[in-house]
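In what follows, a structure is listed as structure tokens, so that the remarks can point back to it.
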Amino acid sequence: MPNRMKISIIGTGYVGTVTGACFAELGHHVVFVDISPQRVAGILKGDPGFYEPGIGELLKKNSQRISATEDTKSAVLATDCTFIAVNTPSCADGSLDTTYIEKASEQIGSALRETPGWHTVIVKSTVLPGTIEKILVPALERTSGKRAYVDFGLCTNPEFLKEGCAIEDFLHTDRVIFGVHEEKSQRILEDLYASFSCPKIVTSLKTAEMIKYTSNAFLSTKISFSNEIGNICKALEIDSRSVFEGVGLDSRIGPHFFRSGIGFGGSCFPKDINALIALAKEEQVNPVLLNAVVSVNESQPERMIALLKRHMHDLNHKKIGVLGLSFKPDTDDIRESRAIPIIHSLLSEGSCVMAYDPVAIEHFKTIFPSISYAASAEEVLSSDAVLIVTEWDEFKHLDYREKLVIDGRKIKKAQEEAKIYEGVCW
Ligand code: UDX
Ligand code: UDX
């Protein structure tokens, strides 16, 4: 067993909580910090306040190595290294909003003023190339009165966690990335990940920051590419999913992220691609391909409405059922969910929307308080037409006979038995 370290994690959202719980599982001691007292209390109870399979169990199992507080200073002073995992949202123009990460750095900096020995700050949050140098270094140095890389460590270790299987993704990752500027921080990262047998890439801070954006931009591009091919396939009466089965077996291409349909949502892809586009423009580079990826993604939900109108010319006063509200299955996260533009369109057509999701209804009510919400998926099936927006497992076992179904995610049973069935890309 490598050194057991003491780690603080600033920000107990999806990324911070999963990261901390997994490090505790690996034997390290973890102090979680959040500005929200509810989040802090939730961590201590083993209930982090969001749905992610296995996270509650992991927090409870390792509770003897876990503590939580609202006080950054005490956490930093009690630990060897601090992960920053606060959210990095988008500004209105798509660029990266660094307010929270700057604030978190200032709080860590104030604590660093009092640390007697070496302490390493590790950036987990997704930040554009150059952000650590331009924003974090000045914030940390100003508030600590110390020099980055000389008096304290600063490095980055981006995350590649998919919500819904984030624990598995953390513990069995394809690779870890260490963005470093000095050896002491590199050694801390090597100790933290000593039990991982995957490739470990050691690179500069800026390159590591760019690896994260490039990964997400490529995956988003693969999805929009699959959707554009899917739209052509649909016109030709070809099932694009079968096409990608044949294409994905080429080892140069690979089978993943070819699930054509209504496009990508979530807390990362839309935000990260827009931030990269904004950065490219700032640098006078025209991001032609990235713009197209966004534009295909924005038009996919509309194709679902167009297909519905093929069978129901006037949607006014029609009862339309929506199955799935989270941006993907196994999460209650609705950030940038494709259900949002789809429901906006239905409402602007005058439809009465009845929606169901196994776990995301409460979150969705904050955006759409006045549509009706069903207590079960079966209840939604009583609508005049049903739109499948998220591929939750339970939707794979419903009785779709006699139904008009427009499917954005390819549920086989619906395709086989619905009276009228349209797939978006098949
Ligand atoms: C993460 C990130 O780290 C982000 O950069 C990445 O692109 C997506 O994933 P996420 O875990 O989804 O963000 O964030 P969220 O669920 O919004 O949680 C952030 C947490 O940080 C919240 O609990 C919030 O209360 C906390 N926070 C925010 C602080 O503790 N301090 C702050 O100053 C700001
Ligand atoms: C993503 C990245 O995969 C992860 O590495 C990164 O760190 C955070 O962002 P996440 O957003 O949790 O993870 O989910 P992911 O499984 O990648 O799905 C994102 C969106 O793309 C979902 O809306 C999903 O439905 C959609 N998607 C995914 C497709 O439409 N087709 C696909 O083939 C794959």
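Both ligands and their constituent atoms are indexed starting at 1 by order of listing.
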Check against side-chain hydrogen bond (donor to acceptor under 3.5 Å, both in side chains), S215 and R175: CA-CA 12 Å; S215 297; R175 77 319 204 170; 3.1 Å; yes
May I have the step-by-step check of ring-ring contact (aromatic ring centres under 6.0 Å, His included) for F327 and F264, ending in yes or no? CA-CA 8 Å; F327 83 95; F264 57 81; over 10 Å; no
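The aromatic rings of F258 and F244 sit parallel, their planes meeting at an angle under 30°, below the 60° perpendicular limit.
Each of the following atoms of ligand 1 lies closer than 4.0 Å to a heavy atom of Y100: 33 (O), 34 (C). Those atoms of ligand 1 that come under 4.0 Å of a heavy atom in S125, given as number and element, are 3 (O), 5 (O). Close contacts between ligand 1 and K103 involve ligand atoms 33 (O) [criterion: under 4.0 Å to a heavy atom].
Looking at E106 and K103, no side-chain N of the basic residue comes within less than 4.0 Å of a carboxylate O on the acidic one, giving no salt bridge. Of the charged side-chain nitrogens involved, at least one lies within less than 4.0 Å of a carboxylate oxygen, so that K73 and E114 count as a salt-bridged pair. At a threshold of 4.0 Å, the pair E133-K206 does not count as salt-bridged, since none of the basic side-chain nitrogens sits closer than that to a carboxylate oxygen.
Listed by chain and number, E159, F160, L161, K162, E163, K212, N216, I223, F257, F258, R259, G263, F264, G265, C268, F269, F327, K328, R409 each place a non-hydrogen atom less than 4.0 angstrom from ligand 2.
Checked by distance only, ligand 1 and I35 come closer than 3.5 Å through their nitrogen or oxygen atoms. Checked against a 3.5 angstrom limit, the closest N/O atoms of T88 and ligand 1 fall inside it.
Residues passing the side-chain hydrogen bond (donor to acceptor under 3.5 Å, both in side chains) test with E422, sequence neighbours excluded: K234, H311. With sequence neighbours excluded, no residue forms a salt bridge (charged side-chain N to carboxylate O under 4.0 Å, His left out) with D47.
For A104, the heavy-atom gap to ligand 1 stays at 4.0 angstrom or more. Assignment of I10 to the shell around ligand 1 is not supported, since no heavy atom sits closer than 4.0 Å.
For residues 338-348, every residue pair satisfying the side-chain hydrogen bond (donor to acceptor under 3.5 Å, both in side chains) rule, not counting sequence neighbours, is listed here: E302-S345.
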